[in-house]
Amino acid sequence: MLLEVAELSVDLPTSGGVRRIVRSASFALDHGQTLGIVGESGSGKTMTALALMGLLPDGATTSGAILFEGRDLLKLNEAQMRDLRGDRVAMIFQEPMTALNPLHSIGRQIAEPLILHRGLSNAAAHAEAVRLLERVGLPDPVRRARAYPHQLSGGQRQRAMIAMALGCAPRLIIADEPTTALDVTVQAQILDLIADLGAQSDMALILVSHDLAVIAQNCERVLVMYGGMAMESGRTDDVLARPAHPYTKALLQARPRVGARRGERLQAIAGAAPSAGAMPKGCPFAGRCPLTIAACGEALPAPVMLGGDHMARCIRIDAAERAA
Amino acid sequence: MLFIRLEMAGASPAMTMDLNWTPTDEMGLYLFQRFILLLATLAFASIVVFGVLEILPGNAAQVMLGASATPETVAALAHKLGLDQGVIVRYAAWIGGVLRGDFGLSYAYDSPIGPLIAERLAVSAPLALLAMLITTAVALAAGVFAAQRRGKSGDVAVMAASQIGLAVPNFWFAILLVLVFAVHWRLAPSGGFPGWEAGLGRALGALILPALALGLVQAAVLTRVTRSALLDVLNEDFIRTARAKGLSRRATLWRHALPNALTPILTIMGLQFANLIAGAIVVEYVFTLPGLGRLVFQSIANRDLLVVEDCVMLLVAIVIGVNFFVDIACAAIDPRLRRRAA
Amino acid sequence: MHHTLRVIVAASAAMLAFGALAAPKDSVTIGMVLEPPGLDPTAGAAAAIGEITHYNIFEGLTKINSDFTVTPLLAESWSLSPDSKTLTFKLRKDVHFQDGETFTSKDVKFSFERAAAADSTNKEKAFFASIEAIDASDPATVSLKFKQPSFDALYHLGMNTAVIVDPKNVAANATNPVGTGPYKLANWSKGSSITLEKWDGYRDAAKIAIKKATFRIISDPSAGVAALLAGDVDAFPRFQGVDSLAQFQSDPRFQVMVGGTEGKTILSINNKKKPLDDVRVRRAIAYAIDRKAIIDGAMSGLGTPIGSHLTPNDPGYVDLTGEYPHDPAKAKALLKEASVTTPLQLSLILPPPAYARKGGEIIAAQLAEVGIEAKIENVEWAQWLSGVYKEKNFDLTIISHVEPLDIGIYANPDYYFQYDNKDFRDIIAKLNAAPDLETYKKNMADAERKLADDSVNAFLFQLPNPTVADAKLNGLWKDAPIFANDLSAMSWK
Amino acid sequence: MSDDRFFARARRNGGFVLGAILVAALIAAAALSLVWTPYPPAAIDVPHKLLEPSFAHWLGTDSLGHDVVSQLLAGARISILVGIIAVGIGLVFGVALGLVAASVGGVVEDVIMNLCDFTFAFPALLLAIMLTAVLGAGVVNAILAIGVANVPIFAKVTRALGNGVLARDYAMAARAAGKGPVAIALEHVLPNVAPALIVQATIQFAIAILAEAALSYLGLGAQPPQASWGRMLSDAQQFMFLAPRLAVFPGVAIAMAVLGLNLLGDGLRDLLDPRLRARR
Amino acid sequence: MSEQQGGAPLLEIADLVKTYRLPRERLFGPRPQLRAVDGVSFRVTAGRSFGIVGESGSGKSTLARAAIALEWPTSGQARLMGSAMNLAPRAALRKMRAHMQMIFQDPYGSLDPRQTVARIVGEPLACLDGISRADGAARIAEALQAVGLSATDARKYPHEFSGGQRQRVAIARALITRPRLVVADEPVSALDVSIQAQVLNLMTDLQQQFGITYLLISHDLAVVEHICDEIAVMYRGRFVETGPSEILLASPAHPYTRALIDAAPKLQTARRRAPAPASDSPGPKTGCAYASRCAFAQSKCREEAPALRPLVDGRHVACHFPL
């Protein structure tokens with residue numbers, strides 16, 4: 001296994017007290033594999049990704065374990081984490097406009113990790129940056145390398161971000177909503193690019209998105225998060241075909257579909273997601289879930305294995321199956 | 001902030017990118033437009049300065065001749081000085097002279113104003129530079145220090161000190177400095193300026209207390225600006241990107257955060273320069289320094305109109321010029337700013 | 001043997017002195033409050049011009065000394081004609097201007113005629129205009145024929161307005177003065193300091209102890225105190241920080257002298273303005289004022305009270321200070337008698353000197369006690385000159401008239417306080433025509449009494465001349481009949 | 001925002017509490033001086049000048065025998081007066097200009113903003129010196145000068161934040177509903193800009209106090225017998241060596257008043273709108 | 001359902017052009033112009049909701065704002081029920097506004113944080129004359145109830161609501177004047193999936209209940225199809241294809257429409273590869289704007305701009321070689 005996350009919890013101090021943002025998340029990933037983490041805003045998916053990079057906000061505390069290439073990342077000191085970041089693990093962020101330093105040329109920003117981790121000279125790093133830009137499909141890479149972020153379009157900027165992440169040939173790439181800010185057509189191209197490049201060099205990929213469809217089309221495995229908790233996980237095929245958790249089911253049905261009858265009522269989920277400050281003791285979906293019983297609100301539901309590595313955290317899986 | 005819009009221009013329609021840009025074009029265009037605006041501002045400033053000071057009460061000729069002068073002699077001198085001419089003629093004569101480098105004649109000193117101002121600048125300019133140097137050094141160091149330790153005791157101490165700095169009037173601080181360093185410990189002269197011919201050491205020695213009084217109080221403002229600008233930048237996504245590349249916090253700070261924080265800091269420094277010049281007038285008063293600010297004050301007292309006009313114009317031009325260079329510097333640092341020329 | 005011993009003793013003493021003072025001090029730094037606008041005392045009115053140039057760069061025929069006596073300077077001697085109208089001076093023959101020109105009676109004639117000319121900006125133009133003829137036929141003799149007998153001519157000729165200038169250099173004197181004195185201008189750093197250097201071509205160069213003198217302009221009293229304490233300044237004549245004198249007096253490093261000047265500090269009253277044109281109101285003001293409190297509060301107790309427009313050292317002085325004792329009740333009664341409705345609102349315009357600013361505050365408080373509300377308005381000199389002196393737009397103001405023997409200003413009905421009195425003008429005419437000193441003194445006393453009786457202005461005190469200096473500096477003036485710093489008399493102990 | 005939450009959060013904000021206490025003390029001092037001072041502030045008592053602090057004179061007397069405590073109390077009055085009027089001038093004209101600039105946009109906005117930038121080239125104190133030189137020294141002119149210097153500051157704040165508000169969809173929604181530009185400026189822009197203006201006004205108040213002190217120190221502000229902290233300092237400077245305490249009290253008073261206002265402003269900024277970041 | 005307006009369509013856009021001036025690029029060069037909307041015409045008839053799909057920068061939001069008289073067209077007209085809005089006097093336009101309202105994308109930015117829900121919802125009403133205070137309050141309560149909120153919510157402030165509830169408030173505001181046309185600019189794209197469904201359901205309910213016709217702007221084909229009877233696909237300021245939703249989505253005629261449909265992520269694991277190679281460069285000055293990205297482009301496409309022409313099935317397409 002390249003990566004094994006076990007019972008990861010993240011606590012974040014806020015003005016209203018310490019909040020548990022991620023609750024006992026567990027998942028694993030091998031070389032070359034792709035995992036999608038899907039969830040709505042506030043589900044804890046981004047914090048999970050940042051925990052893997054060791055880039056949680058100041059004051060955050062973690063428990064559990066993150067084994068990467070056999071080492072527990074939570075036990076590494078800052079210097080050791082620094083050596084990993086950008087070299088063994090790389091990250092692509094959501095908004096390429098703000099994620100790039102507006103004052104540095106694209107080439108300089110791509111060259112930076114190469115100089116840092118590979119010890120390349122400035123000139124060599126810059127030449128490599130141009131090669132990387134070419135590899136991510138930017139035409140005229142020499143001039144693009146000289147350009148500043150504001151002179152590129154959104155798609156081009158995201159390609160530059162990918163080039164930056166690829167630079168040191170990391171073993172794991174974490175992409176946090178890499179296409180949310182982009183148009184649909186560009187989104188498809190960027191996702192293709194990430195998938196292709198990952199496959200070429202046997203990199204593992206964690207794709208974080210709010211859009212189940214994006215995950216479905218790009219990841220072998222999926223992890224559905226809600227209220228800081230991993231509700232369901234497993235092979236994408238399994239989860240899509242036989243969603244076990246009421247939340248996953250609701251999510252699949254809530255989306256309007258192309259080709260569906262117009263004006264058809266969508267299966268809406270009532271209410272709104274609980275805020276981190278008002279998280280119930282038990283299942284975070286309790287209350288919004290049509291199958292809620294008193295026990296749902298009392299304790300964190302235990303994971304239920306459903307064959308293979310298909311897992312769901314729900315005490316009413318049986319009822320859910322009946323309902324479906 | 002002169003000319004610079006701190007906030008992004010209002011909601012602009014999404015635009016397609018023209019990739020045929022060339023950096024020199026953008027910068028050249030920006031420079032040209034800023035320069036035109038600089039000239040227009042200077043012209044407008046000269047009209048305002050002349051206009052305001054033309055209605056000063058008092059009669060320069062009377063002042064020059066003293067109490068016992070007869071009305072005829074006063075009138076004769078007024079004629080000699082051109083005070084009996086029309087306002088527009090006098091404005092044209094003044095501005096024409098200034099453009100040729102002829103600042104006119106001081107009524108009070110009965111000598112050309114150009115050398116007079118040059119003499120004062122030899123005190124004021126080093127004082128301002130020294131003060132700015134102190135401000136910048138202290139503020140950058142303290143601001144970076146505080147931003148790095150946000151919320152910790154070091155940050156709290158710096159912020160508390162800067163609050164006090166904001167609250168203390170610079171002239172009071174100057175008085176306290178004289179009391180402690182010049183009178184009590186006798187480490188520095190109490191005031192006055194021996195002149196540069198007395199030696200670099202003595203001249204700088206006379207400027208150090210005034211520069212401290214000016215600089216430290218200003219540093220309080222800039223420290224807060226530096227800290228908040230840096231904290232703003234440290235919250236930006238690209239800082240996380242830099243850390244995700246494996247850069248240390250320190251390297252992230254110096255390579256990514258500080259250059260980005262520099263634009264607001266520089267802009268505020270430009271604005272502060274105006275306050276520095278104003279503060280210099282008061283501090284020069286406390287330390288009886290023969291600087292430009294003091295010349296303005298004395299000349300207003302003497303009704304030495306032309307000197308006041310020249311000095312105020314010079315001070316305003318310096319402020320405008322400094323802000324012009326701040327704009328240019330900001331555009332040189334931040335390629336996005338060049339685009340905003342419109 | 002005896003002789004040898006003396007030589008040895010002298011040598012050892014000299015060596016000791018050298019040992020104590022590695023380099024004997026031959027320079028001095030003098031503080032002054034106002035910077036002169038130029039350096040030609042015959043063209044500008046500012047007292048600061050004389051403080052720097054008089055006796056140092058420029059010299060006149062006579063010299064007014066600290067003790068109010070008049071002695072020869074460029075003149076060796078003089079004689080007065082029996083009708084008291086012609087003064088004849090024998091001039092020194094060893095005098096040169098600093099540009100090498102020789103000083104002769106022609107220069108005297110040129111200087112005085114220039115001062116009397118129509119375009120003259122000389123402050124004492126009126127005095128020079130009273131000279132009917134100047135005879136300079138002999139280079140070593142000059143005689144001045146006055147239109148009327150002149151008892152104070154020697155005094156006037158000793159003032160800085162009567163210094164002898166080099167005809168070749170008159171135009172440049174403001175910035176590059178050339179005179180006959182022992183010092184030349186070395187440097188003027190505007191707004192900061194003026195430095196004079198000893199001129200080696202001076203006729204008595206060997207007697208001049210101070211080689212270099214720097215006048216530092218320190219307008220703020222506390223900065224002056226600081227400069228003295230820090231040793232930045234060796235002497236501060238006409239020192240403004242009068243409240244700090246006690247501190248210097250108790251410090252052995254310093255010498256403190258308090259002398260007098262010709263300054264008559266008065267509360268000027270606009271005699272034309274209603275109800276101030278009523279003598280009862282002016283008298284009420286005089287009764288309302290407590291000179292002692294003003295002198296104590298504004299001058300730290302320095303300054304001699306005066307009762308009219310003359311200082312105690314002037315010829316013909318009469319002490320009239322008892323005329324209007326501090327009596328608020330009487331003041332109120334007079335106001336009532338003049339049927340003035342109280343509170344009476346008056347403006348009180350104050351120029352920058354401390355005697356005016358602080359004295360004004362005290363006077364305002366004293367006037368308030370009798371029902372006069374004086375609204376204080378602080379102004380700069382320029383505003384004072386234009387608003388008060390020229391436009392006569394004021395009710396009350398405080399000012400020190402420092403010109404000696406200037407009681408004649410009251411004979412001018414257009415003078416800013418606008419005292420228009422025929423009787424007084426007659427007295428002044430008699431005074432000017434006085435055939436001898438005794439008559440002069442008698443007429444002077446009449447004039448003083450008339451002013452006090454009419455309560456033209458409220459007369460406060462003689463402006464003191466406090467000097468603070470390094471205890472080792474010799475030759476400073478105690479009294480200051482004129483504002484001058486005689487550097488040639490100064491030396492270090 | 002509900003009031004109880006505001007006060008609950010306010011109590012936890014130490015700077016705000018300290019600032020509020022200091023400002024309350026300033027106001028209390030000014031109010032007290034209207035009805036009572038130990039001695040009349042302008043009363044001259046030459047025989048009792050330069051007294052050390054004692055039971056009769058808690059902080060001693062100055063060179064004319066003024067009671068220092070009385071003068072300090074009365075001086076608070078001038079400070080508050082200058083602050084209120086100068087900030088008022090800045091608010092009224094600045095906010096109006098800022099709203100017009102933001103609402104009208106285009107050339108009008110450019111002209112107003114360039115004028116504001118232009119005014120920044122005249123340092124407030126230089127402007128004040130020029131104005132007082134033209135109009136004469138006095139509190140009224142000092143207030144006017146400080147007020148004029150305040151106008152562009154409020155104009156810029158109003159315009160910058162106003163543009164932000166106008167770019168929000170709710171301003172667009174108001175237009176879609178048929179609201180005119182004036183109604184939108186008054187109903188949407190002004191209330192949303194108000195918290196920032198309150199914060200800015202507090203800070204400008206502090207700056208006005210400093211400016212008045214500097215002007216009075218230079219003799220261009222308050223005139224005797226009016227008590228003013230700046231004037232007290234300039235008097236005290238002449239007695240630095242005899243009675244350094246006289247130079248301490250007014251300075252401390254100014255510093256405390258300004259500190260209080262700044263802390264109050266920072267606290268208000270945190271409380272009213274955490275998104276507003278330090279502008280200084 | 002909806003009352004038929006004799007003859008004139010509810011909304012008619014005629015040859016609308018909107019240009020913006022961009023900053024100068026060269027010292028003395030002219031200021032370049034951006035044609036955000038480049039000659040668009042369409043009609044919305046009562047009862048047939050109209051959807052506009054396109055990527056960011058295609059001009060669809062500008063078009064929406066012009067349609068509701070929040071932008072003044074550079075040329076062309078927007079007519080509501082037969083009267084041209086850009087020619088109408090101010091007072092008349094204000095009256096017309098009662099018939100058209102707008103819903104915005106960001107439920108956090110579209111509600112003034114300093115106003116109560118009652119004021120927010122009542123704002124369009126306040127702009128109309130002759131509505132009494134009591135009437136107004138009743139109408140506000142009615143509107144709130146129609147969107148599933150309670151009348152007591154009127155006293156609350158926006159920050160007391162969740163994102164979905166805020167969008168309900170925004171919809172209530174749009175409903176209060178009982179408009180015939182509601183322009184909705186990306187009404188659900190800022191909401192979480194679970195909330196999206198609630199809002200979309202609400203919008204369809206209101207459509208049926210009050211006979212509202214939507215002009216819906218979205219980048220999401222599924223959302224547009226869910227609400228709209230007719231769809232227009234916009235690219236670089238122009239319509240490239242219009243037509244009834246079912247037909248257009250089932251068998252797109254324009255390659256760009258095809259690309260959009262293919263690129264939309266679907267809930268299935270196998271995925272078609274993204275079509276055309278990426279190119280973000282601006283289109284050529286002449287010819288079809290899409291030519292540089294089009295997989296089927298031929299030389300004619302680069303030389304001659306295709307006009308929007310009708311196809312047999314009621315669709316219009318701007319392509320020389322429709323699929």
Side-chain angles (χ1 to χ4, degrees), chain A residues 40-43 137-139 152-156 159 179 181-193 209-220 235-237 240 247 250-273 275 288, chain E residues 49 53-58 161-165 188 191-205 207-208 219-229 245-246 249-250 256 259-281 293:
Chain A
E40 301 181 342
S41 49
S43 62
L138 273 181
L152 301 185
S153 72
Q156 291 172 333
R159 283 173 195 268
T179 58
L182 304 174
D183 286 321
V184 224
T185 50
V186 182
Q187 166 176 326
Q189 292 159 9
I190 296 291
L191 288 171
D192 284 350
L193 178 70
S209 177
H210 67 283
D211 190 342
L212 194 51
V214 164
I215 304 284
Q217 292 186 321
N218 291 284
C219 299
E220 301 155 25
R235 290 179 38 78
T236 312
D237 291 335
L240 285 187
Y247 175 68
L251 211 52
L252 286 169
Q253 282 162 0
R255 270 181 59 94
R257 244 165 296 187
V258 175
R261 201 168 60 80
R262 181 162 42 269
E264 176 191 63
R265 287 196 67 77
L266 298 165
Q267 298 287 312
I269 308 172
S275 68
R288 292 185 85 187
Chain E
S49 292
V53 191
E55 52 191 28
S56 54
S58 62
F161 295 93
S162 69
Q165 286 174 310
V188 296
L191 302 173
D192 275 324
V193 181
S194 65
I195 309 296
Q196 266 187 21
Q198 296 173 8
V199 172
L200 286 175
N201 282 344
L202 176 64
M203 284 176 70
T204 48
D205 289 351
Q207 193 172 24
Q208 284 152 19
H219 68 280
D220 189 334
L221 286 167
V223 167
V224 176
E225 196 204 7
H226 189 78
I227 303 265
C228 299
D229 305 279
S245 314
E246 304 83 0
L249 291 184
Y256 179 61
L260 276 183
I261 295 170
D262 288 348
K266 288 161 201 71
L267 276 174
Q268 57 206 19
T269 42
R271 175 162 69 90
R272 281 181 61 140
R273 305 295 299 174
S279 163
D280 305 71
S281 62
R293 288 173 69 178

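In what follows, chains carry the letters A, B, and so on, assigned in the order in which the sequence lines appear, proteins first and then strands, with residues in each chain numbered from 1.
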For A:A272, is it the side chain, the backbone, both, or neither that has a heavy atom closer than 4.5 Å to a heavy atom of chain E?
both

Looking only at atom types and distance, does a side-chain atom of A:E40 sit under 3.5 Å from a main-chain N or O of E:S194, one as donor and one as acceptor?
yes

List the atom of A:V184, the atom of E:A263, and the distance in Å for their closest heavy-atom pair.
O-CB, 3.6 Å

Less than 4.5 Å to any heavy atom of chain E: does that hold for the side chain of A:A270, its backbone, both, or neither?
backbone

With respect to chain A, which residue among E:Q198, E:Q196, E:M203, E:E246 yields the maximal number of heavy-atom pairs within a distance under 4.5 Å?
E:Q198

Measuring from E:H219:NE2 to A:T185:OG1, what's the distance to the nearest 0.5 Å?
11.0 Å

Tell me, out of A:D183, A:V214, A:D211, who's got the most heavy-atom pairs with chain E below 4.5 Å.
A:D183

Heavy-atom pairs under 4.5 Å with chain A, option from E:V223, E:D205, E:T204 with the top count
E:D205

Non-hydrogen atoms of A:P256 and E:A222 that approach each other most closely:
O-CB, 3.4 Å

Out of A:A250, A:G42, A:A268, which one racks up the most heavy-atom pairs below 4.5 Å with chain E?
A:A268

Mind listing the closest non-hydrogen atom pair of E:I195 and A:G271 along with its distance?
CD1-O, 3.6 Å

Using modelled atom types and a 3.5 Å cut-off, is there a donor and acceptor pairing between side-chain atoms of E:N201 and backbone atoms of A:R265?
no

Closest non-hydrogen contact found for E:P265 with A:R255 is O-NH2, 4.0 Å

Would you mind checking which part of E:L249 comes under 4.5 Å of any heavy atom in chain A, side chain (CB onward), backbone (N, CA, C, O), both or neither?
side chain

Given that the side chain runs from C-beta out, which part of A:I215 has a heavy atom under 4.5 Å from chain E: side chain, backbone, both or neither?
neither

